[in-house]
Amino acid sequence: MKIASWNVNSVKARLPRVTEWLADARPDVALLQETKCLNEGFPALELEDMGYNLALHGQKSYNGVAILSRHPLEDIQIGLPGYGDDEQCRYIEATVNTVRVACIYLPNGNPAPGPKFEYKLEWMGHLKARVADLLKTEEPLVFGGDYNICPTDEDVYDPGGWQQDALCRPESRSVFRAIVNLGLTDALRQFKTGPGIYTFWDYQAGAWQKDHGLRIDHLLLSPQAADRLTDAGVDRAVRGREKASDHVPVWCELDF
DNA sequence: ATGGTTGTGTTACAA
């Protein structure tokens with residue numbers, strides 16, 4: 001089973017790129033972030049015609065997450081449990097073919113410090129609690145999404161220039177590390193090691209052309225999922241296409 | 001270079 005995550009930066013503006021990628025990469029499950037539309041505005045028919053079932057949690061203009069699955073979606077959970085008063089649509093969870101899958105759009109947190117950074121850290125605290133709860137089930141789990149966290153200096157083209165940014169600050173990295181250390185495996189790093197593995201390049205200042213990227217999209221696996229991990233990668237070429245998102249898909253293959 | 005780009009949706013805000 002192939003599971004991918006992609007911040008599409010508007011599913012409506014990106015629809016031609018999304019459908020061509022789905023046809024090419026053929027993921028069984030696709031976790032999309034920044035859909036930027038209400039559920040009634042989501043291009044459901046086009047994606048259902050490609051064989052996908054949908055679970056949606058959208059809002060107007062900002063944020064928004066979706067799970068696309070070739071298998072039936074069971075026990076859909078809208079929003080992050082334990083954070084019922086979160087007004088932003090950043091989390092959705094469902095069971096697919098015995099695997100519990102979470103789609104995460106973690107707050108960016110800039111400018112830091114400030115209220116947006118506090119919100120990011122608060123959100124991460126709730127995510128950590130949810131991960132700890134689900135790990136108790138000892139089921140295969142995949143926590144995928146745009147974490148807006150660059151885990152180490154190896155994951156950014158210019159660590160010095162980014163060390164004050166909410167994506168790289170020690171407080172952000174510390175909570176991310178604490179979540180991973182509950183017992184999760186960074187799927188991509190099992191197959192792609194060393195510097196220069198990126199999933200995001202800013203639209204500005206020719207970042208893509210200069211390969212000024214960051215690795216901020218992740219697939220974190222529970223032990224029962226990691227035991228079945230056979231491959232992982234980044235669909236980097238997607239960034240070079242016309243009307244591209246600023247993020248590219250990251251994917252993993254699980255033997256289920 | 002106090003710059004640069006994209007998307008939403010009205011002209012500022014988020015990334």
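Quick caveat, the model's predicted, so the values are computed rather than measured. Proteins come first, then strands; the chains are lettered A, B, ... in the order of their sequence lines, and each starts at number 1.
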Fill in: salt_bridge(Asp158(A), Lys210(A)) N-O dist < 4.0 Å
no
Discussion item. Do the side chains of Asp235(A) and Arg241(A) get close enough for a salt bridge, i.e. N-O under 4.0 angstrom?
Written reply: no
Response to the item:
Sorted by position of nearest nucleotide on DNA chain B, 5' first, the leading residue of Lys116(A) and Lys243(A) is Lys243(A)
Worksheet item: DNA chain B: Lys60(A) or Asn7(A), which has the more 5' nearest nucleotide?
Response: Lys60(A)
Starting at [atom1] of [X] and ending at [atom2] of [N], how long is that distance when rounded to a whole Å?
X: Asn63(A); N: dT8(B); atom1: CG; atom2: C1'; result: 12 Å
X: Glu34(A); N: dC13(B); atom1: CD; atom2: C1'; result: 13 Å
X: Leu15(A); N: dT8(B); atom1: CG; atom2: P; result: 12 Å
X: His247(A); N: dT6(B); atom1: NE2; atom2: P; result: 15 Å
X: Lys12(A); N: dT6(B); atom1: NZ; atom2: P; result: 20 Å

Distance check, [atom1] atoms only: [N] and [M], in whole angstrom units.
N: dA15(B); M: dG9(B); atom1: P; answer: 15 Å
N: dA14(B); M: dG4(B); atom1: C1'; answer: 16 Å
N: dG3(B); M: dA12(B); atom1: P; answer: 16 Å
N: dA1(B); M: dT10(B); atom1: P; answer: 37 Å

Discussion item. Under 4.0 Å, counting only non-hydrogen atoms across every strand here, what does Tyr105(A) touch: a base, just sugar-phosphate, or nothing?
Written reply: sugar-phosphate
Worksheet item: How would you label the contact of Arg17(A) with the nucleic acid (heavy atoms, under 4.0 Å): base, sugar-phosphate, or nothing?
Response: nothing
Fill in: Leu182(A) side chain near Lys128(A) side chain, heavy-atom distance below 4.5 Å
yes
Practice prompt. Could you check if a side-chain atom of Ser222(A) sits within less than 4.5 angstrom of a side-chain atom of Glu139(A), using non-hydrogen atoms only?
Written response: no
Practice prompt. May I ask you to evaluate whether Arg14(A) reaches the phosphate of dT6(B), defined as a side-chain N or O under 4.0 Å from OP1 or OP2?
Written response: no
Discussion item. On the six-membered ring of Tyr52(A), is Arg70(A) placed so that its NZ or CZ lies under 6.0 angstrom from the centre and within 45° of the ring axis?
Written reply: yes
